[in-house]
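Here is the structure we will look at.
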Amino acid sequence: MARPDQLDPVLGDLDARVRAAIRAAQLPETDPGLEKPKQPEHGDWATTAALRLAKPAARNPRELAQLIVDHLDVPDVVEEVSIAGPGFVNFRFAHRYHQDLVRRVVERGAAYGRSRKRDDERRRVNVEFVSANPTGPLHVGAGRWAATGDAIAELLDAAGDEVVREYYVNDAGEQVRIFGESIVLTATGQDLDDEHYRGQAIREVATELREHHGDGLFDRQAGDDDLVGSEAGGIDHDDGVLRDGDADTAAGDARVHPGVAARVGVLGVEAMRQRIEDVLHRMGVDFDVWYSEREGLHASGAVDATVAELLERGEAYDADGATFLRTTSHGDDKDRVLVRSDGRPTYFASDCAYLRDKWSRADQLYYLLGADHHGYVARLKAAAACLGVPPDRVEIRIGQLVNLLRDGEPVRMSKRAGETIDLDEVVDEVGVDVVRYHFLRQGLDTAIDFDLAVVARQSMDNPVYYVQYAHARINSLIRTADERGFEHGELADAPLELLTHPAELELLTAMAQLPLVVAEAAELRATQRLARYAEELAGTFHRFYTECRILPGADAAADERAEAEQLGRARYWLAVAAKQALANALGLLRVHAPERM
RNA sequence: GCCCCCGUAGCUCAGGCGGAUAGAGCAACCGCCUCCUAAGCGGUAGGUCACAGGUUCGAAUCCUGUCGGGGGCGCCA
């Protein structure tokens, strides 16, 4: 967790003083855990140190709170210190602190809320998410991982880490051959079997490939002569296309030449991957790395090298002609096969090689997986352990799935039916911001019902608009001020000491929290923390706007007018700062902050 | 058979690494635009935090069990 001194100089100072007081009182060292009291009347910030010290010190927390206060060198900005409840120490800050905040927010601009980490604390984090198989279009569920993974990556970046967004492309194995067959059969108007992929996107890809490569691509002869070459047996040991797959279905569909299926499969996968990339881009998600299993792990020899290394480390062993990884010694239920007795590596072997590769490029690995992959966690963690990667450096988060509904009725998403509603169509229907925000404001542990009818119909009541509206409203205010020629002057000259109205102070307090919220949300990888905070911040602005007249009214008497002008200047700059804070919060969620609505 | 997630207001969900009177939005009801965007604001009403034990000075939060709901693995990739 980022410490307060890296977020806010005043809080950092207070944090240090509380620590000093704890030392002076000869109490065990503990994090002051500065937080904002739930009830504003309790103060601006509070330390819970006494509560947490109660157990180790075996003393009454209120007594400890008093001890801490007795030893505390109270900074000037703190106007009032009080002990309350079971042992909270509350601090009330002078108005000066809040007024300085306006300057700090405006000066830091887009950087307000972001923080740095010391070099020894900064991590290179590899965030892998989505990674859906490129054998079909993305469905809504993938949209959840896209929005969440992207926002978590952004949060980590804002918290001072170096982040790489990565998509693992499963472009090797059995499924590529099946995908190739599916395209060929679709293109040539033949019936598909149960195992084949189908749907609108496949038809489009088939058409696309025909246009680029001609009918010959799907032709058996062409496959024999030009495309298959040494891989006539259907197994291509060089690029891994036909190596993988747990099924012992070396055969394949008799109507499609294996070489043609392989060739078309590779082309088709790339075409589909491109479509996925396009949809994700529409979602505002752009990956840094598209990692090809076929090229990066098979063609490069990384899989073989990884298996060799595991054998060398003594973590893998040969039995019954196959090679097993001893995952049971790291908490898995049973040992997993790396290389089958026929010599083909398993998909799991690819995962091991991929993990090893990522570990060479990063020092923190984050995997965002859907609940349908939760059975995979144990073996992946075991694989990490076998490869010598410390367990705390591999994070595997499981998110619950998304149910797509329309008017309360489930929308079919089965792959066999082929006809589903894709993410692309959902984005068309309700818009990017709604989709993203809907996913981001809910925790990963909650299964989400995404009802198209509800989301579309109630779009005006969607919380994302509540936040965006606050931003647009401030912009409108600024625009109006300009149109009326309101002289707001320079921020440095603004009479911020006039900001004493409760609504103003609440807005200021809310703004002050952004850096801590960001740090906490990043630490917990919890996008909903930031989303809920954004709603709270928007709420404090709306109340301020309702209760406090910002631009002077035209009807005021001359003597009152001068006063109103002064107050207006202070409030104008407060609004400018609030707009920045809102824009930053939305920006970290990568949700659009509109200038007008 | 095993595993994961959830159960908090009528609905959808925050809060959950123990701490102050349990929060928000929607829905309901009552108010607020001669005035900077009413996509807003204020108020009222609405809760055995599923249930039962346990740990603790203190439990919505941690542990165990039960019930209810969702999903996964054991078939594929």
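Per chain, numbering begins at 1; letters A, B, ... match sequence-line order.
Look at CG on N403(A): it is 10 Å from P on G70(B), rounded to the nearest Å. In this structure, the NE2 atom of H373(A) is 9 Å from the P atom of C73(B), given to the nearest Å. Straight-line distance from the CG atom of N462(A) to the C1' atom of G25(B): 10 Å, rounded to whole Å. Rounded to whole Å, the distance from CG on L567(A) to C1' on C36(B) is 14 Å. Rounding to whole angstrom units, CZ of residue R379(A) and P of A77(B) are separated by 13 Å. For the pair E174(A) CD and C75(B) C1', the computed distance is 14 Å after rounding to whole Å. When the C1' atom of G25(B) is taken as reference, atom CD of E536(A) falls 14 Å away, rounded to whole Å. Going from atom NZ of K36(A) over to atom P of A20(B) covers 15 Å, rounded to whole Å.
Comparing the P positions of C2(B) and A77(B) gives a spacing of 27 Å, expressed to the nearest Å. For the P atom pair drawn from U64(B) and C4(B), the interatomic distance equals 10 Å after rounding to whole Å. Spacing of P atoms, G16(B) relative to C57(B), comes out at 24 Å, to the nearest Å. Taking the P atoms as reference points, C51(B) lies 26 Å from G25(B), given to the whole Å. Taking atom C1' in both A50(B) and G70(B), one finds a spacing of 15 Å when rounded to whole Å. Atom C1' of C13(B) sits at a distance of 15 Å from the matching atom of G47(B), rounded to the whole Å. Nucleotides C67(B) and G53(B) are separated by 15 Å at their C1' atoms, to the nearest Å. A distance of about 14 Å separates the P atoms of G23(B) and C49(B), rounded to the whole Å.
With hydrogens and angles left out, the side-chain atoms of H542(A) and R473(A) include a donor and acceptor closer than 3.5 Å. If you check the side chains of T446(A) and Q400(A), you find no donor sitting under 3.5 Å from an acceptor. Side-chain atoms of Q175(A) and N170(A) form no donor-acceptor pair, as typed in the model, at a separation below 3.5 Å. Judged purely by distance below 3.5 Å, without hydrogens or angles, the side chains of T480(A) and R484(A) never pair a donor atom with an acceptor atom. Side-chain contact annotation: D433(A) with Y465(A), donor-acceptor N/O pair under 3.5 Å absent. With no hydrogens or angles considered, a side-chain donor-acceptor pair links E181(A) and H196(A) at under 3.5 Å.
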Open item on the list: Base contacts versus sugar-phosphate-only contacts with protein, heavy atoms under 4.0 Å: please encode nucleotides 10-19 of chain B as B, S and - from 5' to 3'.
Closed with: ---SSSS-BB

Task: Nucleotide-resolved protein contact map, nucleotides 37-47 of chain B, B/S/- at heavy-atom distance under 4.0 Å - done: BSBSSS-----

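Between R543(A) and E504(A) there is no salt bridge, since no side-chain N of the basic residue sits under 4.0 Å from a carboxylate O of the acidic one. Checked for salt-bridge contact, E595(A) and R479(A) miss the test: no charged N lies under 4.0 Å from a carboxylate O.
Secondary-structure stems of RNA chain B, taken as three or more successive Watson-Crick or G-U wobble pairs (i with j, i+1 with j-1) under a 3.5 Å distance threshold, comprise B:1-7 with B:67-73, B:10-13 with B:23-26, B:28-32 with B:40-44, B:50-54 with B:62-66.
Checked against the 6.0 Å centroid criterion, the rings of W145(A) and F129(A) do not qualify as a close aromatic pair. The distance between the ring centers of H438(A) and F450(A) falls below 6.0 angstrom.
In this structure, the aromatic ring of H42(A) is positioned over the six-membered ring of the base of A20(B), centres within 5.5 Å and planes within 30°.
Ring geometry for Y291(A) versus Y354(A): interplanar angle of 30 to 60°, hence tilted. Between Y197(A) and F179(A), the angle of the ring planes goes over 60°, which puts this pair in the perpendicular group of the 30/60° scheme. Using a 30° and 60° split on the angle between ring planes, Y376(A) and H373(A) fall in the perpendicular class, above 60°.
Glycosidic conformation at C49(B) (O4'-C1'-N9-C4 for purines, O4'-C1'-N1-C2 for pyrimidines): anti, more than 90° from 0.
No engagement by D332(A) is indicated, since no non-hydrogen atom pair under 4.0 Å with the nucleic acid exists.
For A77(B), the base has no donor-acceptor partner in the side chain of D372(A) [N/O atoms by modelled type, under 3.5 angstrom].
Closest-nucleotide positions on RNA chain B for N170(A) and K334(A) were compared, and the one nearer the 5' end corresponds to K334(A).
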